[in-house]
Amino acid sequence: MRYSMLNWDILEDIDVSGNPWQCDCRLQWLFRMHLPRKVKDTIRCHFPQKLQGRSVSSLKEQDFVCGLELRVDLIIIFGLMTFVLFVVTFASCSYVLYKRNFCLKPRSHMQQQYTRIKSNKHSVDLEWDYSADP
């Protein structure tokens, strides 16, 4: 309900109970109005969840806020979507790199890079004699 819907100054009686009121910054004008307490008692908040069931007369001006309220189910859905996006991105990048031979080279290329070292039968291994040091 908007302030501009009615001429509140000449209104004598109104029954707005039973409506699903959203008690956020857009309804702050109703809190500021000088309506009889019995009228404000019949207006009960349905949204946001933390104010659900409370009457407008029991609220403070700070309760009428607008903004993103992070609910647990939204956090879980966002987390799962982020994880799935990460996995799909990682899998796609891995597939592209594999197809372009950046990650794994075929064995035929790997074997060409190695050479055998033949041992020399005429070589002698010498060990250092530490007892001869001064």
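On a predicted model such as this, the values are computed, not experimentally measured, just so you know.
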When clusters are formed by joining ILVMFWY residues with side-chain heavy atoms under 4.5 Å apart, either directly or through shared neighbours, do Val56 and Phe47 land in the same one?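 Val56 and Phe47: separate clusters.
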Pairwise distance [atom1]([X]) to [atom2]([Y]) - rounded to 0.5 angstrom:
| X | Y | atom1 | atom2 | result |
| --- | --- | --- | --- | --- |
| Ile77 | Thr82 | CD1 | OG1 | 11.5 Å |
| Gln28 | Cys23 | CD | SG | 11.5 Å |
| Leu59 | Leu27 | CG | CG | 9.0 Å |
| Leu51 | Phe64 | CG | CZ | 7.5 Å |

Side chain to side chain contact (heavy atoms under 4.5 Å, CB included) between Asp41 and Ser55: does it pass, once the steps are laid out? CA-CA 5 Å; Asp41 282 342; Ser55 67; 4.0 Å; yes
Minimum heavy-atom separation for Cys66 to Arg26, with atom names?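 Here Cys66 and Arg26 meet closest at SG-N, 4.0 Å.
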Counting distance only, does the side-chain N/O of Ser92 pair as donor-acceptor with the main-chain N or O of Val88 below 3.5 Å?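 Yes; judged by distance alone, with no hydrogens or angles, the pair exists.
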Does any N or O in the side chain of Lys40 come within less than 3.5 Å of the main-chain N or O of Met33, such that one atom is a donor and the other an acceptor?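 Yes.
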Hey, mind stepping through Gln52 and Arg44 against side chain to side chain contact (heavy atoms under 4.5 Å, CB included) and telling me if it holds? CA-CA 7 Å; Gln52 190 171 22; Arg44 301 227 171 244; over 6 Å; no
